[in-house]
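Everything quoted here is computed from the prediction, not taken from an experiment.
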There are 2 protein chains.
Amino acid sequence: MEGRNLLRLLFLLFIAAALLLITLLNLPYPTPNAAAVLDCTADTPWCTSRNRFQPKNPHLLQNPTKKPTRHPRRHSSDVPHHPLDPLTVQEFNKASSILKSHALFKNKPYALHSLVLEEPDKPVILTRRKGDPLPPRKASVIARVDGVSHVLTVDLDSHEVIPKKTGNISGYPTMTIEDMTSSTWAPLANADFNRTIIGRGVDLTDLACLPISSGWFGDMKEKRRLIKVQCYSMKGTANFYMRPIEGLTVLLDMDTKEVVEISDKGKSIPIPKAANTDYRFSEQGNPLDMLNPISMEQPKGPSFVIEDGHLVKWANWEFHLKPDPRAGVVISRAMVRDPGTGEMRSVMYKGFTSELFVPYMDPTDAWYFKTYMDAGEYGFGLQAMPLDPLNDCPRNAQFMDGVFAAADGKPYVRSNMICVFESYAGDIGWRHSESPITGMEIREVRPKVTLVVRMAASVANYDYIMDWEFQTDGLIRVKKFPGQVGLSGILMVKGTSYVNMNQVNQQENLYGTLLSENVIGVIHDHYITYHLDMDVDGSDNSFVKVNLKRQRTSPGESPRRSYLKALRNVAKTEKDAQVKLKLYDPSEFHMINPSKKTRVGNPTGYKVVPGGTAASLLDLDDPPQKRGAFTNNQIWVTPYNETEQWAGGLFVYQNQGEDTLAVWSDRDRPIENKDLVLWYTLGFHHVPCQEDFPIMPTVSSSFDLKPVNFFESNPILRAPPNVEKDLPVCKAAASA
Amino acid sequence: MEGRNLLRLLFLLFIAAALLLITLLNLPYPTPNAAAVLDCTADTPWCTSRNRFQPKNPHLLQNPTKKPTRHPRRHSSDVPHHPLDPLTVQEFNKASSILKSHALFKNKPYALHSLVLEEPDKPVILTRRKGDPLPPRKASVIARVDGVSHVLTVDLDSHEVIPKKTGNISGYPTMTIEDMTSSTWAPLANADFNRTIIGRGVDLTDLACLPISSGWFGDMKEKRRLIKVQCYSMKGTANFYMRPIEGLTVLLDMDTKEVVEISDKGKSIPIPKAANTDYRFSEQGNPLDMLNPISMEQPKGPSFVIEDGHLVKWANWEFHLKPDPRAGVVISRAMVRDPGTGEMRSVMYKGFTSELFVPYMDPTDAWYFKTYMDAGEYGFGLQAMPLDPLNDCPRNAQFMDGVFAAADGKPYVRSNMICVFESYAGDIGWRHSESPITGMEIREVRPKVTLVVRMAASVANYDYIMDWEFQTDGLIRVKKFPGQVGLSGILMVKGTSYVNMNQVNQQENLYGTLLSENVIGVIHDHYITYHLDMDVDGSDNSFVKVNLKRQRTSPGESPRRSYLKALRNVAKTEKDAQVKLKLYDPSEFHMINPSKKTRVGNPTGYKVVPGGTAASLLDLDDPPQKRGAFTNNQIWVTPYNETEQWAGGLFVYQNQGEDTLAVWSDRDRPIENKDLVLWYTLGFHHVPCQEDFPIMPTVSSSFDLKPVNFFESNPILRAPPNVEKDLPVCKAAASA
């Protein structure tokens with residue numbers, strides 16, 4: 001027995017040494033040749049990760065339902081056309097070479113945590129006319145050099161590098177993809193870790209590990225950049241998320257890759273079985289083929305164009321669209337045509353996902369720290385994978401690539417990261433039939449067709465589908481589906497020794513639901529906070545709460561005893577605009593332009609219309625909630641400030657919550673008739689159920705931005721109905 | 001001047017006499033010949049109303065965008081196949097002739113306010129096997145004879161007529177179409193009324209009037225069936241709703257058609273102009289043609305069948321579907337296939353719109369009484385007009401007709417009243433991509449296709465679109481769009497002397513929004529209460545509130561200070577299940593089968609998932625709210641009782657609220673492990689805005705019925721992705 005143990009140990013040491021060697025050979029980062037980078041297509045490994053950990057089960061990596069990938073674009077000769085266009089390949093290379101030769105970086109190991117366009121100031125954009133030369137192109141850089149974070153502006157014309165003050169705030173920049181991937185295999189260099197894995201009965205070759213942001217829990221002294229790593233067995237399933245090595249948490253120094261601590265409190269918990277966890281079509285024995293093909297068809301092509309790569313023009317809408325490594329999708333300068341004057345009128349200067357907050361509801365050792373902030377910690381856009389044509393987006397979609405920079409500044413292409421398509425679900429834009437009462441023969445109905453902008457981010461185990469949907473009636477619907485895989489994903493699953501609920505005494509102490517033998521889906525929340533820089537008919541707006549209040553009638557006034565009255569309250573300062581939604585104290589929330597009135601004298605406006613949502617119930621002084629304090633209200637309004645873009649702060653990783661939207665808003669600045677930013681938070685409580693196993697059907701939530709006295713009248717009054725002669729003639733492909 | 005007035009008076013008297021004559025000639029009801037009735041197609045006048053008031057502007061009656069009507073079905077030889085199938089033409093005629101010769105009716109004027117199938121008792125349906133002979137067919141009748149309401153069962157085999165006890169409750173049955181239409185012209189028989197109209201500058205030939213249910217406001221002595229009539233000028237527009245003769249209200253005895261009182265408090269208020277109010281495509285000068293054609297195409301045809309006219313089978317779903325004059329659409333015996341066992345499992349025994357409640361928020365003379373209950377007062381199904389192919393429903397829809405009985409018992413056909421279609425909006429059923437972190441090349445996505453059942457009811461001025469949407473993952477989404485026309489419709493508009501907001505001192509005293517010169521859109525609420533007889537895996541179910549409560553950790557327990565815990569509370573009695581939704585005290589609401597467990601021991605269940613909604617804020621002791629007390633909570637659960645179908649009571653018209661869901665529920669009966677009915681109320685507050693003028697873009701709200709541990713795992717795991725070869729090849733029709 002002792003001999004066998006010794007052999008095992010030797011084997012482990014050998015593996016550890018080999019891995020270390022690979023690590024060293026691969027650091028700082030190997031440079032792929034330019035062609036390889038720019039050829040990045042949907043399934044090219046380099047595009048999914050730089051120095052990725054290669055699982056040893058190669059058959060798990062093949063995608064048997066792989067779609068014909070559209071011809072990838074190389075982007076090497078892209079040029080910017082619009083001042084908001086993202087940096088091009090050539091600009092990335094230029095910025096990168098300016099930085100490399102700069103004193104701060106020279107001959108030092110460094111990592112670029114963000115390299116994106118520095119958008120020109122708002123007035124520059126607002127006063128620019130089509131055809132004017134582009135304003136100077138600048139790059140905004142967040143770099144870590146020798147353990148210190150720097151925020152810099154790189155002027156691509158003058159080659160000047162200007163440092164920015166960030167103040168004395170805690171936290172680190174968004175992890176690089178290289179931070180995340182290297183963290184997943186770093187524990188393998190630790191013999192204790194490897195011994196623990198093997199002790200759990202898992203081959204090291206079957207190991208898959210995930211980097212879990214460590215959050216912050218009140219320790220004021222910690223000065224290291226730390227991450228926690230938890231692992232899974234991928235034996236027998238691509239859905240390794242369903243096979244947690246429960247209770248094992250490695251605390252890692254992300255900069256040195258040194259294992260700080262290994263906590264293993266799950267030795268008695270079996271690893272759940274692989275059976276029935278794989279979700280890939282190729283692995284399903286008996287396909288459930290219940291439906292005939294159905295497709296949205298536009299034989300005359302789509303009704304939108306994407307000019308110069310980023311300017312989307314559809315029906316009465318126009319907006320600038322770009323991918324962003326942190327926010328995912330950025331919509332800028334959304335304008336809608338006035339049906340009366342023909343003029344393009346401003347609705348929103350900029351809209352994007354500012355932060356996500358996903359606290360899990362299990363206080364135990366291996367779970368308490370799971371309080372993800374997916375944009376600021378992981379990069380919501382960095383995690384956006386190529387969309388699957390025909391399934392992620394319908395056949396009539398057009399795709400947009402993301403071009404991002406790796407940690408060393410090298411640009412790479414994320415193909416098909418965003419899609420744009422028109423959608424018709426059979427819904428109705430407006431209708432009226434005369435009723436049997438009047439007997440008039442009138443039946444006027446208009447179909448509803450919308451334009452959808454979509455991205456899907458896979459933040460490790462779970463998938464978010466983010467939609468911006470534009471309607472011809474002026475409405476913008478912002479929609480999020482947390483699609484999810486496995487019980488990781490929205491359900492990060494927990495191993496347990498229970499196999500049936502009849503073994504459980506107090507169900508609430510599971511912190512979730514028993515989903516399958518030895519698998520618990522842990523309760524968690526999702527919050528998505530949107531930055532909505534509304535410019536309704538111009539920059540200076542006011543925020544009005546239209547509160548519906550019960551009014552009692554005076555004796556003799558009316559046979560009615562009560563009715564609702566709408567009271568308009570203009571918010572003077574930020575605290576007036578901190579809103580907790582209340583079913584029994586309802587309001588509408590209008591962003592109006594006080595100096596622009598309709599013909600009959602109503603101020604023009606847009607309202608934010610909440611949908612089903614959820615509120616965070618964590619203690620306000622709980623460290624995760626201090627960091628996620630931007631969820632303390634569902635609505636906030638702040639005066640525009642170009643430094644206030646990220647609701648959880650510029651540096652979110654491991655921060656202490658001193659730079660959140662809540663902190664800014666508590667300054668209580670004046671907000672009447674000023675350039676304003678509206679913040680809205682969508683929420684979900686997720687109590688898992690067995691239907692979420694092993695992969696969850698999508699659930700969705702949304703809110704609307706809706707014109708309110710913005711137009712003089714219904715803007716789609718003159719839209720035509722569908723008529724048979726315009727519709728296509730189709731046949732099944734097989735018979736074509 | 002005096003001579004002219006005399007002439008006017010004579011003219012009016014002549015018109016009044018002529019109208020009286022027509023009335024008398026038309027009473028009780030003329031019988032159209034059988035062919036005319038059964039040939040009722042979309043645009044046949046008889047089908048929109050029996051003795052309809054014929055406006056004198058015939059050009060307003062033509063529908064220039066009239067679609068080719070599909071070949072109408074005659075239904076005269078329909079036979080019932082399923083015990084829940086509605087009465088057939090032959091059965092209507094039989095019931096009618098049985099009643100006519102019955103002692104109660106013989107030689108007396110009577111009106112049938114309801115003549116529908118009396119559904120067999122639940123056990124008869126539940127134990128029946130396919131192929132068994134149909135149980136005895138019976139008709140359920142609500143009739144008024146000599147001013148007395150009777151509820152009767154007519155056995156169509158034995159010809160027996162059995163009276164039912166209704167108890168001593170106030171209120172009258174749903175109006176007949178004949179009640180409504182005759183009320184609209186009855187005031188014309190009154191010279192004072194006609195004088196008033198002409199005094200307002202409106203030609204009698206331009207008059208259009210609406211019957212407005214009078215509600216109840218505390219008068220315990222009133223024993224007449226009363227209705228209020230308000231009128232509009234249809235000069236120059238089909239959208240007469242936009243031209244109110246404000247402040248003029250006629251109180252009418254609905255039985256004698258006698259004018260009880262004329263109130264005119266609006267003499268100084270001008271009638272708003274006709275300009276820019278017509279919404280018909282033919283009247284639009286400059287069509288807004290922004291979009292290329294788009295269509296959902298299924299070259300291999302739809303994936304559903306409607307067996308024997310009413311049994312819908314699609315993908316893993318099966319349910320019985322029928323039109324109903326009061327509820328609109330009734331879904332019965334909804335069952336979903338278990339992907340493991342192949343067995344059809346019960347989800348819902350019966351689901352339908354039980355009542356609507358629409359209180360307006362203006363306490364003044366001409367408005368206070370507007371507190372509509374559209375199902376119980378007007379008949380939600382009676383108001384459902386033929387759907388417009390290609391616009392109300394997409395091209396791939398199939399249609400179902402309604403066959404109803406008129407007040408004299410004669411059957412008539414409402415063509416294309418319901419449509420059924422598959423919808424694909426480009427949405428996603430489930431997805432997962434492996435992320436850049438793991439670097440695995442996995443991207444599995446499944447498109448989401450749903451089955452929609454739709455009806456659109458035009459209750460005078462406003463339109464409701466009601467959808468039941470079935471998903472393959474077991475979810476049922478119940479959706480309501482209050483589409484609307486003009487400012488009548490969801491906005492019933494009010495005339496005003498204001499033409500600009502700068503004339504208004506206190507905006508809240510408008511009771512609404514100035515939408516155009518002289519036009520106010522009055523604030524109002526909409527509530528739609530659904531009867532959902534859930535039978536989750538069988539009849540005996542329990543209702544469980546899964547309450548999420550903040551739990552504080554003990555010192556030293558965890559670095560976290562707080563988390564959420566799910567506490568399960570099984571409702572013992574009805575009061576435990578009276579739920580007011582609270583954002584900051586959230587729960588899930590499960591209907592479970594306590595005796596059916598999943599493999600790992602969770603009870604099988606469905607949960608009701610509220611969407612965005614609104615709550616009624618009226619005083620509980622305000623008479624309208626007493627009648628609409630079913631909106632006092634968003635969720636209620638009652639033990640199944642076949643007499644408790646209508647949330648506002650069996651007799652809603654003018655009732656005093658003694659027979660509502662709130663009264664039943666306050667009995668506080670035991671509801672644990674019993675046959676249960678779940679009631680859910682969707683709500684909207686509507687503060688009108690100019691975009692709602694002259695016709696409102698649709699807004700929608702929904703709630704879901706969602707499986708929760710009903711399936712062992714994701715039921716659509718084995719669904720295939722879309723592949724190019726299955727999709728159709730299409731070309732534009734013009735080039736075809």
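- In this structure, the separation between CE on Met385(A) and CD on Glu434(B) is 8.5 Å, given to the nearest 0.5 Å.
- Residue Asn500(B) holds its CG atom at 8.5 Å from CG of Asn602(A), rounded to the nearest 0.5 Å.
- Judged purely by atom type and a 3.5 angstrom limit, Asn292(A) uses its side chain to pair as donor or acceptor with the backbone of Pro302(B).
- The residue among Asp473(A), Asp392(A), Asp726(A), Leu291(A) with the most heavy atom pairs within less than 4.5 Å of chain B is Asp392(A).
- With rounding to the nearest 0.5 Å, the separation of CD in Glu712(B) from CG in Leu515(A) is 11.0 Å.
- Residue Phe421(B) touches chain A through its side chain alone, counting heavy-atom pairs closer than 4.5 Å.
- For Glu517(B), the parts sitting under 4.5 Å from any heavy atom of chain A are the backbone and the side chain alike.
- Minimum interatomic distance between Val499(A) and Val600(B) (heavy atoms only, all atoms of both residues): O-CG1, 3.5 Å.
- Between chain A and the residues Pro447(B), Gly612(B), Ala566(B), Gly429(B), the largest count of heavy-atom pairs under 4.5 Å involves Gly429(B).
- Between the CZ atom of Phe693(A) and the CG atom of Leu717(B) there is a distance of 9.5 Å, given to the nearest 0.5 Å.
- Within the 4.5 angstrom heavy-atom criterion, atoms from both the backbone and the side chain of Val708(B) approach chain A.
- Here SG of Cys393(B) is found 12.0 Å from CG of Asn722(A). Values are rounded to the nearest 0.5 Å.
- Side-chain atoms of Arg718(A) never come within 3.5 Å of backbone atoms of Gln284(B) as a donor-acceptor pair (strictly under, hydrogens ignored).
- Counting heavy-atom pairs closer than 4.5 Å to chain A, the top residue among Thr472(B), Ile716(B), Leu548(B), Val452(B) is Leu548(B).
- Contacts between Thr613(A) and chain B at a heavy-atom distance below 4.5 Å involve backbone atoms as well as side-chain atoms.
- Pairing each heavy atom of Val729(A) with each of Ala733(B), the nearest pair is CG2-CA, 3.9 Å.
- For the set Pro610(A), Gly474(A), Ala425(A), the count of heavy-atom pairs under 4.5 angstrom toward chain B peaks at Ala425(A).
- Side-chain atoms of Glu691(B) come within 3.5 Å of backbone N or O of Phe711(A) as a donor-acceptor pair.
- A salt bridge does not link Arg561(A) with Asp619(B): none of the charged nitrogens is closer than 4.0 Å to a carboxylate oxygen.
- For chain B, the nearby parts of Pro559(A) are the backbone and the side chain; heavy atoms of each come within less than 4.5 Å.
- Considering all non-hydrogen atoms of both residues, Pro697(B) and Asn714(A) come closest at CD-ND2, 3.6 Å.
- Among Ala719(B), Gly426(B), Ala456(B), the residue making the largest number of heavy-atom pairs under 4.5 Å with chain A is Gly426(B).
- When heavy atoms are compared at a cutoff of 4.5 Å, Pro720(B) approaches chain A by way of both its backbone and its side chain.
- Note on Asn316(A), Asp289(A), Asp621(A), Leu617(A): by heavy-atom pairs under 4.5 Å with chain B, the leading option is Leu617(A).
- Annotation: maximal heavy-atom pairing with chain B below 4.5 Å, among Gln690(A), Met290(A), Arg552(A), occurs at Gln690(A).
- Considering only heavy-atom pairs separated by less than 4.5 Å from chain A, the leading option among Gly611(B), Pro586(B), Pro715(B), Pro211(B) is Pro586(B).
- Between chain B and the options Glu297(A), Met180(A), Met296(A), heavy-atom pairs under 4.5 Å are most frequent for Glu297(A).
- Of the residues considered (Glu422(B), Glu557(B), Gln507(B)), Gln507(B) shows the highest number of contacts with chain A, using heavy-atom pairs under 4.5 Å.
- Summarising the geometry of Tyr424(A) relative to Ile294(B), their closest heavy-atom pair is CB-CG2, 3.8 Å, with the distance given to 0.1 Å.
- Between Ser458(B) and Arg431(A) the shortest side-chain heavy-atom distance falls below 4.5 Å.
- Residue contact with chain A, scored on non-hydrogen atoms closer than 4.5 Å, involves the backbone and the side chain of Leu581(B) alike.
- By the 4.5 Å heavy-atom criterion applied to side chains, His432(B) and Pro694(A) are not counted as neighbours.
- For Tyr563(A) against Leu618(B), the heavy-atom pair with the smallest separation is CA-CD2, 3.7 Å.
- With hydrogens and angles disregarded, no donor-acceptor distance shorter than 3.5 Å links the side chain of Arg560(A) to the backbone of Pro363(B).
- Note on Pro707(B), Pro287(B), Gly218(B): by heavy-atom pairs under 4.5 Å with chain A, the leading option is Pro707(B).
- Using a 4.5 Å cut-off between heavy atoms, Asp525(B) contacts chain A through its side chain alone, with no backbone atom that close.
- For Gln298(A) (side chain) and Ser295(B) (main-chain N/O), no donor-acceptor pair under 3.5 Å exists by modelled atom type.
- From Arg446(B), atom CZ reaches atom CG of Asp388(A) across 9.0 Å, with rounding to the nearest 0.5 Å.
- Across all their heavy atoms, Phe281(A) and Glu444(B) have their closest contact at N-OE1, 3.2 Å.
- A donor-acceptor contact shorter than 3.5 Å links the side chain of Thr698(A) to the backbone of Ile428(B).
- Heavy atoms of Ile523(A) lying under 4.5 Å from chain B belong exclusively to its side chain.
- Using a 4.5 Å cut-off between heavy atoms, Ala614(B) contacts chain A through its backbone alone, with no side-chain atom that close.
- In this structure, chain B has a heavy atom under 4.5 Å from the side chain of Glu588(A), while its backbone stays farther away.
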